[in-house]
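Side-chain atoms are counted along with the backbone in the values below, which use heavy atoms only and exclude waters and symmetry mates.
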Amino acid sequence: MILEGKQKEDVIVYEASKDDDQCSIKDVLRKKLNISSRLLTKLKKNKSIFINNSYVKYHQLVSNGDIIKVVMTEKPSQFEAEDIPFNIVYEDVDVIIVDKQPGIVTHPTKSHFTGTIANAAQYYLDKKAMNCRIRFVNRLDMDTSGLLIIAKNPYTHHVLSEQMKEDQVEKRYIAFVEGVIENDWDTINEAIYRPTDDAVKRVVDPRGQQSITKYKVLERYRNATLIEVQLLTGRTHQIRVHMHHLGHPLIGDHLYGQTSDLINRQALHANYLKFLQPRYREAVEVKASLPKDLIELQEKLRKS
């Protein structure tokens, strides 16, 4: 079991049980802690696996009650640290979850070298003297607000990425779309395709990857609808592409719909996450309230 009070961002401490008795340390790390083959290789190279504070090799057998320690020492990220808004809504030994404001890029790009969430995260980690490499488990478009997961170590990134692949992470969004949707709820199962390698815009096309989106109507207006969306797959622009395909593009989505006088970005907010904490396997639920611009949009639509 994972030992309370002994954990650090870059150190996992585990006490072997009767089930682990006479199993190799390699099997225990893979089967009980779900440590990836890639990380195991790195740990072996760095001689970073210990039993009762003594370095051991992969074939070493484990006994009931042994204290296993895994040290994930690595070079920190080299992003420029910037003191910009960084609204943390949840944090534990493995993850930081921020409520990202609209208009900010997640990770530095060719057109956005600085002023990103990564730069803000670097500032926060430096201030806290945490030796962590910044890894994003999910991504949000620049103009999408809401919950963004940052893994503090390679172990967490692997475990949560696997949860994503196996649909064990529940992701919900709030979206305002053009037009009045008739169905109270529905599931969209349409493949999403990238026409060319350099294309930004995606399309619904059978040549693409399977993409599944569920939605339910929360409120109807004169010429718009407020919906809650649940992603069962995680494709780029998935909600935007699927809602455009239905004939109800997001309000303010200049790429898949049109600009709006009501709001200066696509009206999309990642408001809910549920996942299993990587080390402890306990369910974690995180929510993010609507930001100011979406509250104002809702008020405008109600008045109309």
Side-chain angles (χ1 to χ4, degrees), residues 9 34 36 77 79 85-109 112 116-122 124-125 132-175 192 194 200 202 209-215 228-243 250 253 255 265-279 281 283-291 294:
E9 284 78 12
N34 193 21
S36 68
S77 302
F79 300 116
F86 191 64
N87 181 23
I88 297 175
V89 292
Y90 174 85
E91 182 176 8
D92 64 29
V93 70
D94 289 315
V95 300
I96 298 171
I97 300 181
V98 297
D99 185 0
K100 184 181 93 66
Q101 67 271 38
I104 185 170
V105 175
T106 299
H107 195 280
T109 64
H112 295 86
T116 73
I117 293 295
N119 298 111
Q122 190 67 61
Y124 174 77
L125 293 174
C132 300
R133 193 167 186 83
I134 299 166
R135 295 175 171 88
F136 291 99
V137 178
N138 65 326
R139 299 289 180 97
L140 296 178
D141 297 333
M142 181 175 75
D143 288 331
T144 298
S145 55
L147 299 172
L148 192 61
I149 309 173
I150 301 172
K152 291 182 177 179
N153 51 63
Y155 168 74
T156 296
H157 189 264
H158 168 72
V159 172
L160 290 182
S161 295
E162 288 296 305
Q163 288 185 32
M164 290 270 194
K165 290 178 185 177
E166 295 168 9
D167 299 327
Q168 294 177 344
V169 178
E170 188 173 340
K171 296 173 285 183
R172 296 184 201 162
Y173 294 72
I174 295 295
I192 292 177
R194 189 179 190 182
V200 175
R202 270 65 169 174
Q209 293 177 295
Q210 182 185 32
S211 306
I212 304 173
T213 304
K214 286 185 174 183
Y215 74 82
E228 180 185 71
V229 182
Q230 182 178 355
L231 290 183
L232 301 187
T233 54
R235 311 303 177 208
T236 299
H237 298 174
Q238 181 171 319
I239 295 172
R240 300 166 69 186
V241 175
H242 274 169
M243 296 317 298
L250 272 61
D253 190 343
L255 185 61
R265 58 138 171 155
Q266 69 256 13
L268 183 62
H269 178 67
N271 73 312
Y272 178 88
L273 280 172
K274 184 177 181 180
F275 59 93
L276 293 178
Q277 206 288 333
R279 297 188 204 202
R281 302 295 194 269
V284 175
E285 285 186 283
V286 186
K287 299 178 182 179
S289 302
L290 284 181
L294 292 186

Nearest-0.5 Å distance that lies between atom CD1 in I97 and atom CG in N138: 8.5 Å
Flag side-chain contact, heavy atom, 4.5 Å: V98 against I88: yes
Heavy-atom check, side chain of H242 versus side chain of V229, under 4.5 Å: no
Flag, side chain of N153 to backbone of E9, donor-acceptor distance under 3.5 Å: yes
Check: R133 side chain, A151 main-chain N or O, donor-acceptor pair, under 3.5 Å: no
Heavy-atom side-chain contact between V95 and V137 under 4.5 Å: no
Nearest heavy atoms of A118 and P108, plus distance in Å: CB-CD, 3.7 Å
Student check: side-chain heavy atoms of Q163 and L160 closer than 4.5 Å: yes
L231 side, atom CG; E170 side, atom CD - distance, nearest 0.5 Å: 11.0 Å
Side chain to side chain, R202 and T236, heavy atoms closer than 4.5 Å: yes
Expected output: side-chain D141 to main-chain D143 donor-acceptor under 3.5 Å: no
Interatomic distance, S211 atom OG to H237 atom NE2 [nearest 0.5 angstrom]: 12.5 Å
Shortest non-hydrogen contact from I239 toward L268: CD1-CD1, 3.9 Å
Close side-chain approach of H107 and F79, heavy atoms under 4.5 Å: yes
K274 side-chain N/O to A283 backbone N/O, donor-acceptor pair under 3.5 Å: no
Side-chain donor-acceptor contact under 3.5 Å, E162 with N34: no
Aromatic ring pairing F86/Y124, orientation class (parallel under 30°, perpendicular over 60°, tilted between): tilted
Side-chain donor-acceptor pair present, T233, Q238, cut-off under 3.5 Å: yes
Gap separating the CZ atom of R139 from the CG atom of L148, nearest 0.5 angstrom: 8.5 Å
Short side-chain to backbone donor-acceptor contact, H269 and S289, under 3.5 Å: yes
Any side-chain heavy-atom pair of I149 and L273 under 4.5 Å: yes
Rounded distance (nearest 0.5 Å) linking atom CE of M243 with atom CG of D253: 11.5 Å
Closest non-hydrogen atom pair between Q101 and I104, with its separation: O-CG2, 3.1 Å
Donor-acceptor pair, side chain of T106 and main chain of L140, under 3.5 angstrom: yes
side-chain hydrogen bond (donor to acceptor under 3.5 Å, both in side chains) between Q277 and D94, intermediate numbers included: CA-CA 8 Å; Q277 206 288 333; D94 289 315; 3.0 Å; yes
Polar side chain donor-acceptor pair, R265 to S145, under 3.5 angstrom: yes
Side-chain heavy-atom pair F136, I117 within 4.5 angstrom cut-off: yes
Donor-acceptor under 3.5 Å (S77 side chain, I134 main chain): yes
Any donor-acceptor pair under 3.5 Å from K152 side chain to D92 backbone: yes
Taking every non-hydrogen atom, the tightest pair across L250 and A267: CD2-O, 4.1 Å
Side-chain (N271) to main-chain (E228) donor-acceptor, under 3.5 angstrom: no
